[in-house]
Every structure is written in structure tokens, then in C-alpha cells.
Amino acid sequence: MINVAVIGTGIIGCEHLKALEFSKSFCLVAVCDANEERARTYGEQYGVPYFTDYKEMIAKEALDAVVIASPDMMGVIGRLGKVLGPKGL
């Protein structure tokens with residue numbers, strides 16, 4: 001199984017969450033959203049930890065992949081690359 005987190009729980013992020021719920025290859029392990037209420041709601045709904053800071057999520061969770069479903073996708077990708085360092089995107 002590939003451990004996946006979702007950043008962003010808006011319309012697109014929710015579609016990814018639904019797809020991951022039924023996947024036989026991917027395992028949702030965390031959700032992240034700047035809005036704590038939404039992050040908590042989806043974390044509880046899917047039974048995974050929730051975060052409002054993607055850096056904290058990356059540091060605490062064993063992730064193989066991240067779905068970036070944020071309106072500021074390019075900004076997140078740039079910042080995420082710096083956080084991951086040699087691991088890469």
C-alpha cells in the first residue's frame with residue numbers, strides 16, 4: 001500500500017478523499033487544511049490524523065505521496081519541495 005495524505009479539503013480534495021477511501025493500492029494516512037474545522041471534520045470522517053500545517057504533517061506521518069488539492073497549488077509545491085529536500089517531490 002502507498003501511504004497518501006491530502007492537502008486541501010475543498011471540492012477537489014474531497015473527491016480525492018472519496019477515491020482513496022475505496023482504493024486497494026493507496027491508503028489515506030492524513031489530511032491537511034488551513035481551516036482547522038474542515039481538517040478536523042475530514043480527519044474524523046476518514047479516521048486519520050488531521051493537520052493545519054503541512055510541514056508538521058510531513059514530519060509526523062510516514063508518507064509515500066501527497067495529493068495537493070489547494071487553490072495555491074503552485075505555491076504549495078514550491079514550499080513542499082523545500083521541506084522535503086533530498087526526498088524530492
Side-chain angles (χ1 to χ4, degrees):
M1 291 286 259
I2 297 171
N3 291 333
V4 181
V6 174
I7 298 175
T9 59
I11 294 168
I12 300 301
C14 288
E15 292 303 314
H16 286 280
L17 290 169
K18 289 177 196 173
L20 288 167
E21 182 177 21
F22 297 104
S23 174
K24 293 184 190 314
S25 301
F26 299 94
C27 178
L28 179 66
V29 295
V31 296
C32 181
D33 196 287
N35 180 311
E36 185 173 3
E37 184 178 336
R38 283 199 330 221
R40 182 183 322 107
T41 296
Y42 289 104
E44 290 173 355
Q45 179 177 336
Y46 290 97
V48 297
Y50 67 90
F51 299 87
T52 57
D53 181 342
Y54 69 91
K55 293 178 202 168
E56 179 185 4
M57 178 182 70
I58 290 168
K60 291 185 175 179
E61 299 299 321
L63 302 174
D64 299 312
V66 177
V67 173
I68 302 172
S70 164
D72 180 25
M73 184 178 76
M74 295 310 291
V76 172
I77 289 172
R79 293 186 300 272
L80 192 58
K82 291 177 184 174
V83 171
L84 293 175
K87 281 177 145 179
L89 290 173

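This is a predicted model, so every value here is computed, not measured.
Cluster annotation: Val29 is connected to Ile68 through the hydrophobic network of ILVMFWY side chains, with a link wherever side-chain heavy atoms come within less than 4.5 Å. Hydrophobic clustering (side-chain heavy atoms under 4.5 Å, transitive across Ile, Leu, Val, Met, Phe, Trp, Tyr) keeps Val31 apart from Tyr54. In the hydrophobic clustering of ILVMFWY residues, with side-chain heavy atoms under 4.5 Å counting as a link, Ile2 and Met57 come out apart. Linking ILVMFWY residues whenever their side-chain heavy atoms come closer than 4.5 Å, directly or via other members, leaves Val66 and Phe26 in distinct clusters.
The two residues Ala5 and Leu63 come nearest to each other via the heavy atoms CB-CD2, 3.7 Å. Closest of all the heavy-atom pairs between Met1 and Lys24 is SD-O, 3.1 Å. For Cys14 against Thr9, the heavy-atom pair with the smallest separation is SG-O, 3.3 Å. The two residues Tyr50 and Gly43 come nearest to each other via the heavy atoms CB-CA, 4.1 Å. The shortest non-hydrogen separation linking Ala30 to Glu61 is CB-CG, 4.0 Å.
Checked by atom type and distance alone, the side chain of Asp64 pairs as donor or acceptor with a backbone atom of Asn3 at under 3.5 Å.
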Could you walk me through whether Glu21 and Lys18 pass the salt bridge (charged side-chain N to carboxylate O under 4.0 Å, His left out) test, one step at a time?
-> CA-CA 5 Å; Glu21 182 177 21; Lys18 289 177 196 173; over 6 Å; no
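Of the inter-residue distances, the one linking Glu36 atom CD with Thr41 atom OG1 reads 10.0 Å to the nearest 0.5 angstrom. Summarising the geometry, atom CG belonging to Asp33 is positioned 13.5 Å from atom CZ belonging to Phe51; distances are rounded to the nearest 0.5 Å.
Each of Ile12, Leu28, Val4 was checked for a side chain to side chain contact (heavy atoms under 4.5 Å, CB included) with Leu17, and the lone residue meeting it is Leu28.
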